[in-house]
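Structure, as structure tokens:
In this text, all values refer to a predicted model and were calculated from it rather than measured experimentally.
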Amino acid sequence: MGQPRVHTLILAFIKHLGFRNRITKSHTHGVSFGCSNLRLCQIHQQGSNGFTAALPSILYRRTPVQSSSERQALFNRIAPVYDNLNDLLSLGQHRIWKRMSVSWSGAKMGDSVLDLCCGSGDIAFLLSEKVEVNGKVIGLDFSKDQLSVASSRQKLKSKACYMNIEWVEGDALDLPFSNGQFDAIAMGYGLRNVVDKCKAMQEIFRVLKAGSRVSILDFNKSANPVTASFQEMMIDNVVVPVASGFGLEEDYRYLKRSIREFLTGEELEKLALDVGFSDARYYEIGGGLMGNLVATH
């Protein structure tokens, strides 16, 4: 695909997002975001291909992982360039979406919180800023290479609160934590990739304190055919070609299939209620390309 074609699609992406990056107070969960494309859905009241990079060795807690070995290998392969690709492919917007998701989690000073499927640690660092030095953050992921990147980033950061993060290699389907351990949980781009979404939600419910919230950010499986088509066009014509420049074309081709196999916002709300959450609300953000589930224990 020629460079002018990529530029045209990226400009279309910017126009589609239509963001006004402003945060305002709301009676719903105490916070909302002034984005022109934020929509509230129905509310319920209950290295690859020869690419290699050296990663530093780190110390982190390890627990048994039972997951799709194919998906686990994928996230280990893409770990060295994961952050750069996220910035490039979302034009930096993923940082805004993650801040939104963390705010919806309700994490506050002194809390014990979990970043589930933490990857390279973006959300864990944002959570640590919320809970501050007296709080505790655990970042759990099944990819040891992603955790290696996260730990290396932690060492380079100067804020004292970032030292309250512990990295754990573990399984989202069998969390190595006690019942009701966390005051808040955030999960970014993880639920779509677990092999048993119901089991993952049950585990989240188990380790979350009563009255607390989980905030789950991921690609939105849109019921709007225009948005869905635009999303697939961007994956085929921007995401995959850009990833191919890093030798990761085949690794990113799975993305479109994973979104098709994911749950809609309404289905995610129903899933949360079915496992025991008392309230579940799903927000479409980023022009409908992304979505965020907020569920209260």
Contact check, side chains of Tyr254 and Asn193, non-hydrogen atoms, under 4.5 Å = yes
Tell me, do Ile123 and Leu127 make a side-chain contact under 4.5 Å, heavy atoms counted?
-> yes
Please answer whether the main-chain N or O of Ile165 pairs with a side-chain N or O of Gln154 as donor and acceptor at a distance below 3.5 Å.
-> yes
May I ask you to decide if Ser258's main-chain N or O and Arg192's side chain share a donor-acceptor pair within less than 3.5 Å?
-> no
Do any N or O atoms from the side chain of Asp183 and from the backbone of Ser112 form a donor-acceptor pair under 3.5 angstrom?
-> yes
Taking side chain as C-beta onward, heavy atoms only, is Leu268 less than 4.5 Å from Asp218?
-> no
Between Lys256 and Asp236, is there a salt bridge with N-O shorter than 4.0 Å?
-> yes
Flag yes if Val133 and Val137 sit in one hydrophobic cluster, no otherwise; membership is Ile, Leu, Val, Met, Phe, Trp, Tyr, and two members link when side-chain heavy atoms are under 4.5 Å apart.
-> no
With a 4.5 Å heavy-atom cut-off, do Lys130 and Ser103 have their side chains touching?
-> yes
Cluster link Met233 to Ile235, ILVMFWY, side chain under 4.5 Å | yes
Evaluate the side-chain proximity of Glu269 to Leu293: yes if any heavy-atom separation is below 4.5 Å, no if none is.
-> yes
Listed by chain and number, what are the side chain to side chain donor-acceptor pair (under 3.5 Å) partners of Glu267, not counting sequence neighbours?
-> Thr264
More than 12 heavy atoms from other groups under 6.0 Å of CE on Met163 = yes
Would the Phe182 and Phe177 ring centres measure less than 6.0 Å apart?
-> yes
If you round to the nearest 0.5 Å, how far is CG of Leu91 from CD1 of Ile96?
-> 10.0 Å
Same hydrophobic cluster for Val275 and Val195, using side-chain heavy-atom links shorter than 4.5 Å among ILVMFWY?
-> yes
Just by modelled atom types, is the Ser90 backbone N or O under 3.5 Å from a matching donor or acceptor in the Gln93 side chain?
-> no
Met290 versus Phe219: any side-chain heavy-atom pair under 4.5 Å?
-> yes
Taking side chain to side chain donor-acceptor pair (under 3.5 Å) as the test, write out the residues that go with Lys159, two or more places apart.
-> none
Please confirm whether the backbone N or O of Cys118 pairs with a side-chain atom of Asp141, one donor and one acceptor, at under 3.5 Å?
-> yes
Glu266/Lys270 ion pair, N-O < 4.0 Å | no
Side chains of Tyr283 and Arg281: closer than 4.5 Å at any heavy-atom pair?
-> yes
Determine the interplanar angle of the Phe205 and Phe277 rings, folded into 0 to 90°, and report it as parallel if under 30°, tilted if 30 to 60°, perpendicular if over 60°.
-> perpendicular
State the NZ-CD distance between Lys136 and Gln181, to the nearest 0.5 angstrom.
-> 10.0 Å
Any donor and acceptor pair, going by atom type alone, linking the side chain of Gln231 with main-chain N or O of Gly288 inside 3.5 Å?
-> no
Pair Asp122 + Arg153: basic N to acidic O under 4.0 Å = yes
Does Leu147 offer a backbone N or O that forms a donor-acceptor pair with the side chain of Ser151 under 3.5 Å?
-> no
Between Trp167 and Phe125, how do the two ring planes meet: parallel, tilted or perpendicular, split at 30° and 60°?
-> perpendicular
Could you pull out the closest heavy-atom pair between Lys197 and Leu271, with the gap in Å?
-> O-CD2, 4.0 Å
